[in-house]
Engineer: 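Can you read through this structure? Questions will come right after.
Hydrogens, waters and symmetry mates play no part in the numbers below; they use all other heavy atoms, side chains included. Predicted model, so just to flag it, every value in this text is computed and none were measured.
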Amino acid sequence: MSSRYNHKIIEKKWQDVWSDKDIFQTSKDLNKKKYYVLEMFPYPSGKIHMGHVRNYTLGDVVARYKRMKGYNVLHPMGWDAFGLPAENAAITEKKHPEKWTYQNIKTMKNQLLQMGLSLDWNREIATCHPEYYKHEQKFFIDMFKAGLAYKKEAEVNWDPVDKTVLANEQVIDGKGWRSGAVVEKKILSQWFLKISKYSDELLSDLDKLENWPNKVKTMQSNWIGKSIGAEINFKISENKSHITVFTTRPDTIFGATFLAISTDHDLAVRVSDQNDNLKKFINDCKNLNHEKIKMGFDIGLTADHPFIEGKKLPIYVANFVLKEYGLGAIFGCPAHDQRDLDFANQYNLDVIPVVMPSNTKGDFKIVKEAFTEEGVIFNSEFLNGLDIEEAKEKIINEIEQKKIGRRKVNFKLRDWGISRQRFWGCPIPIIYREDGEVLAVEEDQLPVKLPNIENFNETSSKLNNIFEWKETVCPKTGMKAFRETDTFDTFFESSWYYFRYCNSRLEKPFEKEDIKYWLPVDQYIGGIEHAILHLLYSRFFTKALRDLEYFELDEPFKGLFTQGMVTHITYRNKSGEWVEPKDVEKFKEGFRDKSGLIVETGKVEKMSKSKKNVVDPNDIIELYGADTARWFMLSDSPPERDLQWSDTGIAASFKFISKLYEFIDKFNNYKSNNTDDDHIIENLKSIINEVSENIEAFQFNKSVAKIYEYVNILNDALSKKKLSKNSFEWSLKKLSIILQPFVPHISEEIWSNFSEKLCINEVWLSEKVKKKLNLKIAIQINGKTKDVIEIDEKLSKEMILDIVRNNNKIKKNLLGKNVIKEIYVPGKIVNLVV
RNA sequence: GGGAGUAUGGCGGAACUGGUAGACGCGCCGGAUUCAAAAUCCGGUCACUUCGGUGGUGUGGGUUCGAUUCCCUCUACUCCUACCA
């Protein structure tokens, strides 16, 4: 019986089998070694995109492979279901965001099912479900009671378009990451989590994360931004108060020529109360966008230099001093800091060099470039002659002895503001009693659910306006109270979802013993865009929950893999408008759109709606099937690099899958008397082993190339009838197994010709390959290869060199030359030096 | 400004701890099949060449019998970050 490859029938068939037999339901079998593979869960935006397809395909390869390797695999999926888009859609469609969200989840789940992923859907979660978020309300209360969550007045980034507070990380170049609107400053009372308490641990534990990309670790390390230095008090000459500054270069103290404080430093505020010019200056700094221009205002006071008797330093309010970092005050040493030098040159301040390069001869002068490298201290009394490190040590000791300051470590990392003025998020479980007390909601009152709203619109959806929800009473005193009307930042939900998968339907958030068995996640896979935010917050959450005695675990993700983007070439017509790929046709000399107008090809860019270079996975799966889509995702590009989508590429994948299908007919009609096919089988075996090695190394593109090779060898042997029927059967069974992680449907289809069982339940073994007796070695002259010969490995060096000397090609090449040296590397090369 | 990374045919990319550069896929060229085309199959495909060879992994140098691989220099591009004292 002969038939064409029909992906729709085949893929549906196997998906049904897997699902009917509950193949991918995870069991908790403590005798088995576990493997937890997780892809970053999606936001239910409406439908899946190619980025998802790539992400989940990569994860599925790992999950299926590990399963066949005998691991108890946990491979779950869920939905990061709170967020602004749902709210916006709800307002436009006048539907509750819940409806919109669950509708999207339904659609997207269907699409994921069609991809044939080996997911345990029984553990599915949606973070907008009260049974999920009630647990994080409890976490928050625990943190609140432990002093890890606190409230403070804070200037926040206010996005005037989205009407919401943005995290620092969500502000890019002073603009909102989503709306692109210029962000304004606004003072609000906000909830914060004390991530800063863990700065040191978050930094030092990065070293434990061996299976994380260095790039991500560096990014986190920079973000945490640890710097070691000192705080130094400068006495104000005119009165008894003082200014404390932070510096990482206390060794340059003798080169200090001014102090600078930020525009809202206490002293600046105090002086400005009596000085209208300063008030105006501070206002200018806040309102005008000065880019990199440095501006300062001499406030008329001076500070005493702590080590130079009688030396007074002018005090400036300056726009380049950050209020959030350190103490909002610095001492300026223009000779050794570029910013200070620029400032000094502008305001004609002294420049006193105190460090010079150790090889300096004669005069050392600073003009336009500060000297910030290693060197020797001079002009600095008791520090003279020391190197920078020694000088730092000595001066800090001196400062501490004189009791005018101390050693100090500073971090860039600031506490995590989690309040959001939005409806579609998890309510913060706090009540404000009429007597002013701020109380956590009682545990038996959890969850604090979101209210139902009939007519969802801009005004009705503000929790602050919903009095029947907002008004409550204190269960202890019966006093009137108001609920907190802000909701959590959605990074709150994604900071712990990987714990919930251990037992998603449990009354408690999770069991300790489950966490002990399943965590940490062995392989986490997602986009590099989460390198800092999500991953840092999750690491913090793990440490915080550990300290709240939920479990013993320091780090949630043992292995991390960040995949590249899916890109596509862009097209534009003559008027500069983007043209969708599906509307472009190729002609002899170029491309045209449907109406026949010339289309120019542009840069290859990340698929995005605005550039109209998006390919919908739906269309691809409909037309070619999941196996083809998966195969294409894994071919060619290494997973960490960008993958360029192309029509020819997807067509080639389809061709290959169809070709695989033809093996079934080929086998049924195959006849051969040949039994001498050992060398072919040996060849295939070593390819199988290479496929495994490449999977282990996360180089799926290389596995794909090896499978192509396997199929090519097989086809070649078949056409020449070199393979026995038995060997053919062996080859096809092995082929099914190595295909299983990549293209599981066609794998099962081929496998089903030989077995009643399922291929996914087979064990993946490494093949024993016989050692080859004959080796190919290259003969080089001066390192250039001239010939390749086949020899028996057992031959001695002398015998091999003899063969080489008598080789005709080599003889020719050696005419008129003297061999100086003969090098033989066993099994590899012979090199003759002439 | 600071940090990280990348550079190999027309394209995506291979090359194990230094040892036959260009595996595998795309594209292209030639042939078969076809009334013709698509599809399919077979062959070729780094460049130059007097067909003996010669050159070739961004640039220039170094180490080595031998370098895509190790070291230094420069160049280009990408990403992150940005007045963090």
Engineer: Quick one: look up who B/rG66 pairs with, Watson-Crick or G-U, both distances under 3.5 Å, and put none if it's unpaired.
Structural biologist: none
Engineer: For the P atoms, the ones on B/rG52 and on B/rC70, what distance do you get once it is rounded to whole angstrom?
Structural biologist: 38 Å
Engineer: Taking only the C1' atom of each, what is the distance from B/rA37 to B/rC48 in whole angstrom?
Structural biologist: 38 Å
Engineer: Between the protein and nucleotides 65-71 of chain B, are there any N/O to N/O pairs under 3.5 Å, and if so, what are the atom names and distances?
Structural biologist:
| unit_1 | atom_1 | unit_2 | atom_2 | d |
| --- | --- | --- | --- | --- |
| B/rC65 | O2' | A/Asn831 | ND2 | 3.4 |
| B/rC65 | O2 | A/Asn831 | ND2 | 2.5 |

Engineer: Can you tell me the base-pairing partner of B/rA4? Count Watson-Crick or G-U wobble geometry only, both distances below 3.5 Å, and say none if there is no partner.
Structural biologist: B/rU78
Engineer: Could you check whether A/Phe246 gets within reach of a base, just the sugar-phosphate, or nothing at all, counting any heavy atom under 4.0 Å?
Structural biologist: base
Engineer: Taking atom C1' of B/rG1 as reference, at what distance in whole Å does atom CG of A/Asp340 sit?
Structural biologist: 14 Å
Engineer: Taking atom P in both B/rA32 and B/rU20, compute the distance separating them and give it to the nearest angstrom.
Structural biologist: 39 Å
Engineer: Roughly how many Å is it from CZ in A/Phe654 to P in B/rC26, rounded to a whole number?
Structural biologist: 15 Å
Engineer: A/Val704 or A/Asp716: which one's nearest nucleotide on RNA chain B is closer to the 5' end?
Structural biologist: A/Val704
Engineer: Report yes if some heavy atom in the side chain of A/Ser637 is under 4.5 Å from a heavy atom in the side chain of A/Arg54; otherwise report no.
Structural biologist: yes
Engineer: Without swapping roles, check the side chain of A/Asn613 against the backbone of A/Glu605 for a donor-acceptor pair under 3.5 Å.
Structural biologist: yes
Engineer: In terms of the angle between their ring planes, are A/Phe234 and A/Phe331 parallel, tilted or perpendicular, with boundaries placed at 30° and 60°?
Structural biologist: tilted
Engineer: Taking the P atom of each, how far is B/rG62 from B/rC28, in whole Å?
Structural biologist: 43 Å
Engineer: Can you tell me how far C1' of B/rG25 sits from CG of A/Leu643, to the nearest Å?
Structural biologist: 13 Å
Engineer: With both distances under 3.5 Å as the test, what is the Watson-Crick or G-U wobble partner of B/rU59?
Structural biologist: none
Engineer: Strictly distance-based, threshold 3.5 Å: is any side-chain N or O of A/Asn831 a donor or acceptor partner for the main-chain N or O of A/Ile823?
Structural biologist: no
Engineer: Starting at NZ of A/Lys706 and ending at P of B/rC16, how long is that distance when rounded to a whole Å?
Structural biologist: 11 Å
Engineer: Does a nitrogen or oxygen in the side chain of A/Tyr325 sit under 4.0 Å from OP1 or OP2 of B/rA85?
Structural biologist: yes
Engineer: Please report the distance separating the P of B/rA15 from the corresponding atom of B/rC65, rounded so that it comes out in whole Å.
Structural biologist: 27 Å
Engineer: Rounding to the closest angstrom, what is the interatomic distance between B/rA21 and B/rA67 at atom P?
Structural biologist: 11 Å
Engineer: So A/His336 and A/Phe371, would you call those rings parallel, tilted or perpendicular, with 30° and 60° as cut-offs?
Structural biologist: perpendicular
Engineer: When you measure from the side chain of A/Arg630 to the backbone N and O of A/Val743, does any donor-acceptor pair fall under 3.5 Å?
Structural biologist: no
Engineer: Check the interface with nucleotides 9-13 of chain B: list each N/O to N/O pair with the protein under 3.5 Å, or write none.
Structural biologist:
| unit_1 | atom_1 | unit_2 | atom_2 | d |
| --- | --- | --- | --- | --- |
| B/rG12 | O2' | A/Ser637 | OG | 3.3 |
| B/rG12 | N2 | A/Asp636 | OD1 | 2.8 |

Engineer: Say you pick atom C1' in B/rA36 and the same atom in B/rC51; how far apart are they, in whole Å?
Structural biologist: 40 Å
Engineer: With heavy atoms under 4.0 Å as the rule, sort A/Ser227 into base, sugar-phosphate or nothing.
Structural biologist: sugar-phosphate
Engineer: Under a 3.5 Å cut-off for both contacts, is B/rA23 paired Watson-Crick or G-U wobble with anything, and if yes, with which nucleotide?
Structural biologist: none
Engineer: Would you find a donor on one side and an acceptor on the other, under 3.5 Å apart, between the side chain of A/Glu822 and the backbone of A/Leu832?
Structural biologist: no
Engineer: Would you say A/Asn214 places a side-chain N or O within less than 4.0 Å of OP1 or OP2 belonging to B/rG5?
Structural biologist: no
Engineer: Output the distance between atom CD1 (A/Ile330) and atom CZ (A/Phe320), rounded to the nearest 0.5 Å.
Structural biologist: 4.5 Å
Engineer: Whole-Å distance between B/rG1 P and A/Lys294 NZ?
Structural biologist: 13 Å
Engineer: Within the 4.0 Å heavy-atom criterion, would you say A/Val321 contacts the bases, only the backbone, or no part of the nucleic acid?
Structural biologist: base
Engineer: Base, sugar-phosphate alone, or nothing: which one does A/Lys226 contact when heavy atoms must sit under 4.0 Å apart?
Structural biologist: nothing
Engineer: Specify the separation, in whole Å, of atom CG of A/Asn715 and atom C1' of B/rC24.
Structural biologist: 15 Å
Engineer: Rounded to whole angstrom, note down the P distance from B/rC74 over to B/rG12.
Structural biologist: 27 Å
Engineer: Nearest-Å distance, NZ (A/Lys655) to P (B/rG25)?
Structural biologist: 10 Å
Engineer: Check for me whether A/Lys226 meets the cation-pi criterion with A/Phe411, that is, NZ or CZ under 6.0 Å from the six-membered ring centre and within 45 degrees of the ring axis.
Structural biologist: no
Engineer: Any base atoms under 4.0 Å from A/Asn712, or only sugar-phosphate, or nothing? Heavy atoms, all strands.
Structural biologist: sugar-phosphate
Engineer: What about A/Lys702, does its side chain sit under 3.5 Å from the base of B/rC24 through a donor-acceptor pair?
Structural biologist: no
Engineer: To the nearest 0.5 Å, what is the distance between CD1 (A/Ile253) and CD1 (A/Ile232)?
Structural biologist: 4.0 Å
Engineer: Specify the glycosidic conformation (syn or anti) of B/rG13, with syn defined as within 90° of 0.
Structural biologist: anti
Engineer: Kindly point out which of B/rG3, B/rC41, B/rA23 is positioned nearest to the side chain of A/Lys659?
Structural biologist: B/rC41
Engineer: Over how many whole Å does the gap from A/Lys666 atom NZ to B/rU40 atom P extend?
Structural biologist: 13 Å
Engineer: Searching all strands shown, indicate the nucleotide that pairs with B/rG43 (Watson-Crick or G-U wobble; both distances under 3.5 Å).
Structural biologist: B/rC29
Engineer: Check whether A/Thr628 reaches the backbone of A/Gly625 with its side chain - one donor and one acceptor, N or O, closer than 3.5 Å.
Structural biologist: no
Engineer: I'd like to know if the side chain of A/Gln338 and the backbone of A/Lys368 have a donor-acceptor N/O pair within less than 3.5 Å.
Structural biologist: yes
Engineer: Is B/rG55 in the syn or the anti form, by the rule that syn lies within 90° of 0?
Structural biologist: anti
Engineer: Now, which nucleotide makes the Watson-Crick or G-U wobble pair with B/rU17, with each of the two distances under 3.5 Å?
Structural biologist: none
